[in-house]
Each structure stands twice: as C-alpha cells, then as structure tokens.
Amino acid sequence: MIAEVMVTIVVISGIAAVLSALLNLSDALVNNYGRVKVTINKKREIEVDGGATLLSTLASEKIFVPSACGGKGSCGLCKVRVLTDIGPVFPTEITYLNKEEAESGVRLSCQIKVKKDTNIEIPEELFNIGEFKARVISLCDVTYDIKELNLMLEKDIEFKAGQYVQLIVPPYDKIRESTMRAYSISSPPFQRKVIQLLVRLVPNGAATTYIHKHMKKDEQLTILGSFGEFYLRESSADIIFVAGGSGMAPIKSIVQEMLRTGIERETYFFFGARGVADLMYTELFRRVEADHEHFHYVPALSAPEEDSDWKGDTGLITDVLDSYLTRQGDREREAYLCGSPGMIEACVNSVLKKHGVQEDMIFFDKFG
Amino acid sequence: MGVGLNPFVIMIAAALTSNMILSNFLGMCSFIAVSRDLKTANGLGLAVTFVLTFTSVLNHFVYYYVLVPLGLEYLRFIVFIVVIAAFVQLLEMVIDRFSPALYISLGIFLPLITVNCAILGGVLFMIIRDYSAMQGLLFGFGSGAGWWLAIIALAAIRGRLREKDIPPQLNGTGITLIIIGIMAMAFIGFSGMVPVR
C-alpha cells in the first residue's frame, strides 16, 4: 500500500519534473526576450521579463486590466492601446475590435506578448484604481438629511472631477457584513489628500444609516477609487448641469475644477430641491456666479416652504429646465445630470431630447 | 473495442459519425466564442487538428509505456492534461520564436486550446477504445478534422446570419446554440455510413 503511494508520487513528480524542465529550458532558450520596458500612459515605466502576455505582465505589476475569460480570448474585455509597432492584429483579436480600434492600435492584452520595449495606453481609471486607508476628519450636516464627510487619505489619490469612490462600511448593529457603496467625490481633484463626499440619509439604507448615525470622527475606513465616466468632456458647447439632492457632489467637484482652469463655456447649473431647507452650498455657487460671467446658478424649488421668502425659480426641475432652454433658443449643448433615476430620465426624455441635445452629448450618473 | 479496425475507418468515423463537437459536445466553449469570423475559425480548427493529432500519439506512448507498466492507469486524467498543456506551451513558444507567419495563422490559437475539453476527450476516447498507436494517430487527426469542419461550417453560417433579421433576444449566443443543434441533427445523417462508434 505504502509502496503504491510512493510509486504514484514518484511517477507524478517525475512526469511533472520532466515536463517543467522541458518548459523551463525552452522558456530560457526560445522564449527569452531579456528585460524589456513597458511604458504606461507615458507616466509609469515598468521593467519586466519579456515573453509573457501583456495582460499577465501588467497583472504582476498590480495593474488589473479587466478580463472575464482569464486570457482565453473569448470575452474581449482586456483592451489596451499599444503605441509601439508590435506586428499585425491577430485573428483571435479581430472579432473584438471595431475598425476604429484596430486602426488606432487597440489590442487584446491577453493575446499579445511583451517582447521588446513597448508603449501602451490604458484607461486612466485602471491606472488609478487603488485601495486607500482613510480617516474621518469631519462629518457635518449640510441639510437636514445630507452630511458632508471629509476623509484624510494615507496617500494621494488621482481622479477626474466627477468620478466616484467605493466606500467600505464595516458591519454594525444587525448588519453582519461590510457593505460597499459608491459615492461621488465632491471635492476638486487638485485636492489629493483630503476628499469630500456628500451622503444623503436613505431610509433603511445600510451604508447611509451607518454614516449618519454611527460614524465617528477619527474613524478608519477603506475606500477604493477612482471610478466612472462622468467627467467633463472637452468641447465648446454650452454646459448644462442638472442635479438633485446629493447629486450635486460630482458637479461641485467639476465646477471647482473649472474655477482653476477657467470658465470659458456658457455654463448653467440647475439644482432641483423641494424647499429652502434642501439647498446647500448656495453661497459657494452664488460667489462663482458673481465672479464669472459665463456661470449661472439656477436653484429650483418644487415646494418652497410657506413662510420662506423664496424669490428664485419655482416648479419641477424639468419645467424650469424646459423654460430656460426655450428662452435661450437653439444652441449647441452638452448635458451632465446627476441624481435619482426618475429625475434623470424625465430630464433626458422630455426636455433635453426635445431641445435637440444629441444623445452622445448627454452624460449622467444615476443613483441606484 | 477498436481492436483490428482499419485506422482509416476510425478516422472517417471520428470526423463524421461521432463528430467531436456535434455528437459528443466537446470543445463547446471555443466553438461558440471563436466562430464569428471564418478566417479565425479556420485557424482555430487547424490548431485543434494539429494538437489533437500529436497529443493523441504522445499520450498513447505515455499511457502504454509509463502508466500501464506501473499500474497507474487511474492517474491518466491528470497526466494527460499535464502532457497536453506542456506540449501546447512548448509548441507555441517555438512557433512564436521561429516563424512569425505561422504564429499568426496557427500559434496564436494554441494557448486557447490548452484546456480545451475536445483535446482531452479525444485522448480519453482513444484509451477507452483500446486503439493502437496508428489507430490513435488517425483517430486524433479525424476528430480534429471533424471539429475543424464543424467550426468552419458554423462560422460560414454565422457570417450569413449577420445581415438577417434575428429577434434581438436570440441574437448572438442564442441563435448560435440553435444552429449548433440543427447542425448536430444533420450530422446524425452520417451515422449509417460507418459501422463503428
């Protein structure tokens, strides 16, 4: 019995040893391309052993290009742009690339090997996604149901104004597992050490309840970031921002970033709320409006309190938006919307499309 | 089971009557994923044929000259997989280094089929049916050729479907699976042709 086990072990190890020796030998002789440099987004240079696929090379450097099939060439997700000439597109890639991609050097990173110094481009956010330890440095009410949360990070974070982070909330009370929720960063990207999030209390929401009722100053948290496609595009069209409630967060970040780069484009910020009690950062946006002739802040209340002396626009955000756009007439516009799915759909379908805003010029960030 | 059968009969049977994909449903993953484009499908078919032919013979020798004498037949699954994986890797490295043209038409497909179940299935059939080395060689080639034929046929059909008006819910994998089903039924038509399984 023991002898049989031993024989089995010896045979298996023997076969494995012979084969791996063969593989190692040929890896060293045939597949030896020496040390090569991979330059990513012209910013970071990594030096690696050549011969492996780009996907696994990047993964070994902790840069994770998404791949659902694990390198079998059957999902088409692991696209990167290769700027160095590394030969023609392989037949295994061609079905996953459209004409523009094939012409601009997009390749599937699981199919190509790193054999010489290579310049590549990956989506900025992949490069920037990282895990950050964060400390709560302040937590205060900006309205009766929205809190401003400021987090000090252990290291600098890079993000585009409008992107979001995932916040991991520890287990508490009856919630046994940690929950992960996405929150847009409301501070501008030039502020890299401290980020600000706006969190509205959602009734029975696991993460928001924790942030509102349990979170304490100096608490340690973990965030992942940064993600998202909701950021300002380069163009000369007018900018229409539409936000409701804590949907103001990414737009606040974008506007603060615009203050740094200069506001050249005609910009309207429509902020929808119920009453005066829901308004926040009014002074900030009023000051921006006073300092910049192209920036206009339009808060609109759907149900102002009876005892308030509200002089601004009243009505549903869709109606206010509609009347402003009608008054301005025909202009080229780019729209950025952030808030509840209902608000976004109503604005896009019944107002923006009616005023001829192209679908590819409408960007939104829906709160689930 | 296969003792004494003419190797060529076995080859025809493997390619048509007991087609690897359409009768045994092996290698389905890459069959669906890589059949969108005729040229790509052709390359993969070639690679499967090539690897199946060689690994059949290779594993035949490993089985009858190493595992059987030592009484370790039950280790065949793990040993076969390891041999296939190593062979494919080796082949890929060599082709990549020495023949860029061949790499584009054949080599690039090799990693895709390292763990393809059609390859392992082919080798196991060969062992279960007691084929000789010569029978194994032609069985491997026939199985690969059958798989090749099937994927080219499917890719050609999918190419035609591109302009057709398919209900959106079925488009893509859905309609492909239906087509494969119909193709499998059509291949049953071959079953009377050769009197072996």
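Within every chain, numbering begins at 1; the chains are lettered A, B, ... in the order of the sequence lines, protein sequences first and strands thereafter.
With a 4.5 Å cut-off on non-hydrogen atoms, B/V34 does not touch chain A at all. For chain A, the nearby part of B/I78 is the side chain; its heavy atoms alone come within less than 4.5 Å. Within the 4.5 angstrom heavy-atom criterion, only side-chain atoms of A/I15, from C-beta onward, approach chain B. Looking at B/L75, the atoms closer than 4.5 Å to chain A (heavy atoms on both sides) all sit in the side chain, from C-beta outward. Proximity to chain A is absent for every atom of B/F87, based on heavy atoms less than 4.5 angstrom apart. Only the side chain of B/L72 comes within less than 4.5 Å of a heavy atom of chain A; its backbone N, CA, C and O stay farther away. Contacts of A/N24 with chain B are absent, with no heavy-atom separation under 4.5 Å from either backbone or side chain.
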Q) Is there a side chain to side chain contact (heavy atoms under 4.5 Å, CB included) between A/N41 and A/I122 once you walk through the steps? A) CA-CA 7 Å; A/N41 294 8; A/I122 58 176; 3.9 Å; yes

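Contact tally against chain A (heavy-atom pairs below 4.5 Å) for B/I108, B/L70, B/V62: the top residue is B/I108. When A/V7, A/I12, A/L25 are compared by the number of non-hydrogen pairs under 4.5 Å with chain B, A/I12 comes out ahead. The candidate with the highest count of non-hydrogen atom pairs below 4.5 Å against chain B, out of A/I94, A/V89, A/D27, is A/D27.
Using the six-membered ring where Trp is involved, A/Y336 and A/F363 have ring planes that are parallel, under 30° apart on the 30 and 60° scheme. Ring geometry, B/F187 versus B/F190: the interplanar angle exceeds 60°, so the pair is classed perpendicular (tilted spans 30 to 60°).
Relative to the ring axis of B/F125, B/R129 places its NZ or CZ within 45° and under 6.0 Å from the centre. Judged by the 6.0 Å distance and 45° axis criteria, A/R107 is not positioned over the aromatic ring of A/Y96.
The closest side-chain donor-acceptor pair between B/T173 and B/T176, if any, does not fall under 3.5 angstrom. When only modelled atom types and interatomic distance are considered, B/S30 and B/N116 share a side-chain donor-acceptor pair under 3.5 Å.
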